[in-house]
Amino acid sequence: MTGLRTRIAGVAAAAVFAFAGQALAQGAAGPDTVAAIRARGSLVCGVAINSAGFALPDSRGEFRGLDVDTCRAVAVAILGDATKVRFVPNTSVQRFPMLQSGELDILVRNTTWTLGRETSLGLAFAGINFYDGQGFMVRRSANVTSARQLDGATVCVQPGTTTELNLADYFRTNRMRFTPVVIENVEEIRTAFTSGRCDAYTNDASSLASFRATQQNPNDFVLLPEIISKEPLGPVVRKGDWRYFDIVRWSLYAQIAAEELGITSANVEEMARTSQNPDVQRLLGRSGDLGRSMGLSNDWALQIIRQVGNYGEMYERNITPIGIPRGVNNLWNNGGLHYAPPIR
C-alpha cells in the first residue's frame, strides 16, 4: 500500500512539473508588448475625451493631464523619451474593446479598478494614479444642497460604466426614484445637463470638477457633498505580458516613491550624484540592477523623474489648477492613500 501511495505521489508530482514546464514555455512564447512598442517607436495610450486635468489638448494640440503624464512615464521607461506617445481619445464604451484588440498598448482614462473588469475582460490594472469617488453635480439655480433631495430627478449618466451601476444602487438603497438620461458621448451628455435636459449629472467627482473648471461661469454649477462610491483609477493593460505589466506598475510606483524621498525633476541629477540614502541609490540606478531585471536601463526611474516629475509634481501641474485638493491622493505619511511598495 505504501509503495502504491509512493508511485501515485510520484506520478502526481511529475504531472505538476510537466504542467509548470508547459506554462513556462507558453509564457516564454507569449506576447512581447515592449518589443512591439520599440519597433513602432511609440507607445499608444488610450485616454478620455476632453477631460481637463487628466487628458486635454492644449492650445498647441499637445495632450496634458495626470493620465497623460502616467503614459509619458511608461514611454520614458521603454523608449527613453516622454514625447514618444500617441494619444487615442475614446469613449467609455470603446475603451475596453480597443485595449483587448491591441489598438492600444495601455488605457489610462478615468477607469475604475474592479474585480469584474479584471477577471472577465482579460485585463489587469497596474496601479492607482488617482483615488476618486462618484458624486453629483446640479445647477446652482436648482437650490439643491444634497443628493438626498434628488428623489424623482432625471440624471445624466454614461452607459457601460461603474457610474451607471452605482447610480441605480444609490437610489434603490435610499428608496428614491430617478429617470436616467443615458448618453455615451461625453460632450453630448454635458450639453444635455447644461441645457436642462437632466436635473443632475453624475460621474467621478474628479470628472465633474474637471467639467466645471472648463465652463465660462463655473459658479453656476454645484458639486453636492455626497461621495457614493470608491473609484480607484489607474492604468490598464492586457493580461499575459507580465514583463510589460511590471514596467507599467513600477513606473507609477517610482514616481510615488520619488515624492516620498524628496526627489524632483529639478534635483534628481544632484540626488543621483550625492545622496547616500540606499533607497535613493537603488531607485535612481546607482546601485543594484533593478532596471535590468525588467529589461530596462538601470537609470529608468531617474529618466522618468527628470522628464515627467514625481507624483506630487504631476498632481500640482494637472489637478490642483482644476480645484481638487490632494486629500486622499496625498502620500501615506501625509494623511493620504498613496504608498509605493519597497523598490529594492
Test Leu283 against Ile263 for side chain to side chain contact (heavy atoms under 4.5 Å, CB included), laying out the working first. CA-CA 10 Å; Leu283 178 64; Ile263 306 171; 3.9 Å; yes
Pair Asp299, Ser297 - check side-chain hydrogen bond (donor to acceptor under 3.5 Å, both in side chains), show working. CA-CA 5 Å; Asp299 69 345; Ser297 63; 2.6 Å; yes
Determine whether Ser206 and Asp204 satisfy the following criterion, side-chain hydrogen bond (donor to acceptor under 3.5 Å, both in side chains), listing intermediate values before the conclusion. CA-CA 5 Å; Ser206 63; Asp204 293 345; 5.0 Å; no
Applying salt bridge (charged side-chain N to carboxylate O under 4.0 Å, His left out) to Arg190 and Glu188, what does each step give before you reach the verdict? CA-CA 5 Å; Arg190 290 171 173 177; Glu188 290 180 11; over 6 Å; no
Dump the intermediate steps for salt bridge (charged side-chain N to carboxylate O under 4.0 Å, His left out) on Asp169 and Arg172, then the final yes or no. CA-CA 5 Å; Asp169 287 348; Arg172 183 174 58 252; 2.6 Å; yes
With side chain to side chain contact (heavy atoms under 4.5 Å, CB included) as the criterion, how do Val85 and Phe87 come out once you've worked through the C-alpha distance, each side chain's angles and the decisive distance to 0.1 Å? CA-CA 6 Å; Val85 187; Phe87 295 102; 3.5 Å; yes
Are Glu231 and Asn203 close enough, and set up right, to give a side chain to side chain contact (heavy atoms under 4.5 Å, CB included), and what steps lead you there? CA-CA 10 Å; Glu231 306 294 333; Asn203 207 330; over 6 Å; no
For the pair Arg243 and Asp32, evaluate salt bridge (charged side-chain N to carboxylate O under 4.0 Å, His left out) and give the outcome as yes or no after the intermediate values. CA-CA 8 Å; Arg243 180 173 72 128; Asp32 192 340; 3.2 Å; yes
For side chain to side chain contact (heavy atoms under 4.5 Å, CB included), just list the numbers for Asn329 and Leu337, CA-CA rounded to whole Å, side-chain angles, deciding distance to a tenth of an Å, and then say yes or no. CA-CA 6 Å; Asn329 284 291; Leu337 297 176; over 6 Å; no
Verdict with reasoning, Arg212 to Gln215, per side-chain hydrogen bond (donor to acceptor under 3.5 Å, both in side chains): CA-CA 5 Å; Arg212 185 176 63 178; Gln215 298 306 294; over 6 Å; no
For a side-chain hydrogen bond (donor to acceptor under 3.5 Å, both in side chains) check, start with the C-alpha distance between Arg140 and Asn219, then their side-chain angles and the critical distance, and finish with the verdict. CA-CA 8 Å; Arg140 186 175 296 277; Asn219 288 331; 4.6 Å; no
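Counting only distance, with no hydrogens or angles, the side chain of Thr161 and the backbone of Gln158 share a donor-acceptor pair below 3.5 Å. In terms of modelled atom types and a separation under 3.5 Å, the side chain of Asp241 and the main chain of Thr33 share a donor-acceptor contact. The backbone N or O of Ala48 sits nowhere less than 3.5 Å from a side-chain atom of Ser51 that would complete a donor-acceptor pair. Of the possible donor and acceptor atoms, one in the side chain of Glu164 sits under 3.5 Å from a partner among the backbone N and O of Gly160. The backbone N or O of Ile256 sits nowhere less than 3.5 Å from a side-chain atom of Glu260 that would complete a donor-acceptor pair. For the pair Asn298 (side chain) and Arg292 (backbone), a donor-acceptor distance under 3.5 Å is present.
Val88 and Leu43 fall into different hydrophobic clusters, where Ile, Leu, Val, Met, Phe, Trp and Tyr side chains are chained together by heavy-atom contacts under 4.5 Å. Each of Ile78 and Leu104 belongs to its own hydrophobic cluster when Ile, Leu, Val, Met, Phe, Trp and Tyr are linked at side-chain heavy-atom distances under 4.5 angstrom. Met98 and Ile37 are assigned to two separate hydrophobic clusters, defined by single-linkage of ILVMFWY side chains at heavy-atom distances under 4.5 Å. Under the 4.5 Å side-chain heavy-atom criterion for ILVMFWY residues, no single connected hydrophobic cluster contains both Ile227 and Leu208. Hydrophobic cluster membership differs between Trp113 and Val47, with clusters built from Ile, Leu, Val, Met, Phe, Trp and Tyr side chains linked at under 4.5 angstrom.
Classification of Arg64 and Asp58 as a salt-bridged pair holds, one side-chain N sitting under 4.0 Å from a carboxylate O. Taking the charged nitrogens against the carboxylate oxygens, Arg40 and Asp105 do have a contact shorter than 4.0 Å, which makes a salt bridge.
Between Cys45 and Phe63, the closest side-chain pair of non-hydrogen atoms is not below 4.5 Å. Counting heavy atoms from C-beta on, the side chains of Pro232 and Asp132 never come closer than 4.5 Å. Within the 4.5 Å cutoff, no side-chain heavy atoms of Val236 are placed close to those of Ile106. Within the 4.5 Å cutoff, no side-chain heavy atoms of Leu233 are placed close to those of Thr111. Taking the side chain as every heavy atom from C-beta outward, Arg282 and Leu290 approach each other to under 4.5 Å. For the pair Leu123 and Leu99, the minimum side-chain heavy-atom distance is below 4.5 Å. Within the 4.5 Å cutoff, no side-chain heavy atoms of Val155 are placed close to those of Thr179. Side-chain contact between Glu103 and Val44: absent, with no pair of heavy atoms (C-beta onward) separated by less than 4.5 Å.
Judged by distance alone, the side chains of Asn110 and Ser207 never bring a donor and an acceptor atom under 3.5 Å apart. Side-chain contact check for Thr264 and Asn310: no donor-acceptor pair (N or O, by modelled atom type) lies under 3.5 Å. Of the N and O atoms on the side chains of Gln149 and Thr145, at least one donor lies less than 3.5 Å from an acceptor on the other residue. Residues Ser265 and Glu313 have side chains that bring a donor and an acceptor to within less than 3.5 angstrom of each other.
Within 6.0 Å of the CZ atom in Arg148, the count of heavy atoms belonging to other residues, nucleotides or ligands does not exceed 12.
The line from CG of Leu252 to CD1 of Ile128 is 9.0 Å long, rounded to the nearest 0.5 Å. Interatomic distance, Leu115 CG to Thr119 OG1, rounded to the nearest 0.5 Å: 4.5 Å. Interatomic distance, Arg326 CZ to Asn334 CG, rounded to the nearest 0.5 Å: 7.5 Å. Rounding to the nearest 0.5 angstrom, the gap separating the CD atom in Glu226 from the CD atom in Gln134 is 12.0 Å. Taking CZ of Arg175 as the start and CG of Asp151 as the end, the distance is 12.5 Å to the nearest 0.5 Å. In this structure, CG on Leu284 lies 7.0 Å from CE on Met271, to the nearest 0.5 angstrom.
Phe54 and Phe130 have perpendicular rings, their planes meeting at more than 60° on a 0 to 90° scale where under 30° would count as parallel. Note on ring orientation: taking the six-membered ring where Trp is involved, the planes of Phe245 and Trp242 are perpendicular (angle over 60°, cut-offs 30° and 60°).
Residue Ile343 comes nearest to Ala257 through the heavy atom pair CD1-CB, 3.8 Å, listed as atom of the first residue, atom of the second, then distance. Here the shortest heavy-atom pairing between Ala77 and Ile247 reads CB-CG2, 3.9 Å. Heavy-atom minimum distance, Arg344 versus Asp279: NH2-OD1, 4.5 Å.
Under the 6.0 Å cut-off for aromatic ring centres, Tyr201 and Phe221 do not qualify, their centroids lying 6.0 Å or more apart. A ring-centre distance under 6.0 Å is found for Phe136 and Tyr170.
For the pair Arg139 and Phe193, the cation-pi criterion (under 6.0 Å, within 45° of the ring axis) is fulfilled.
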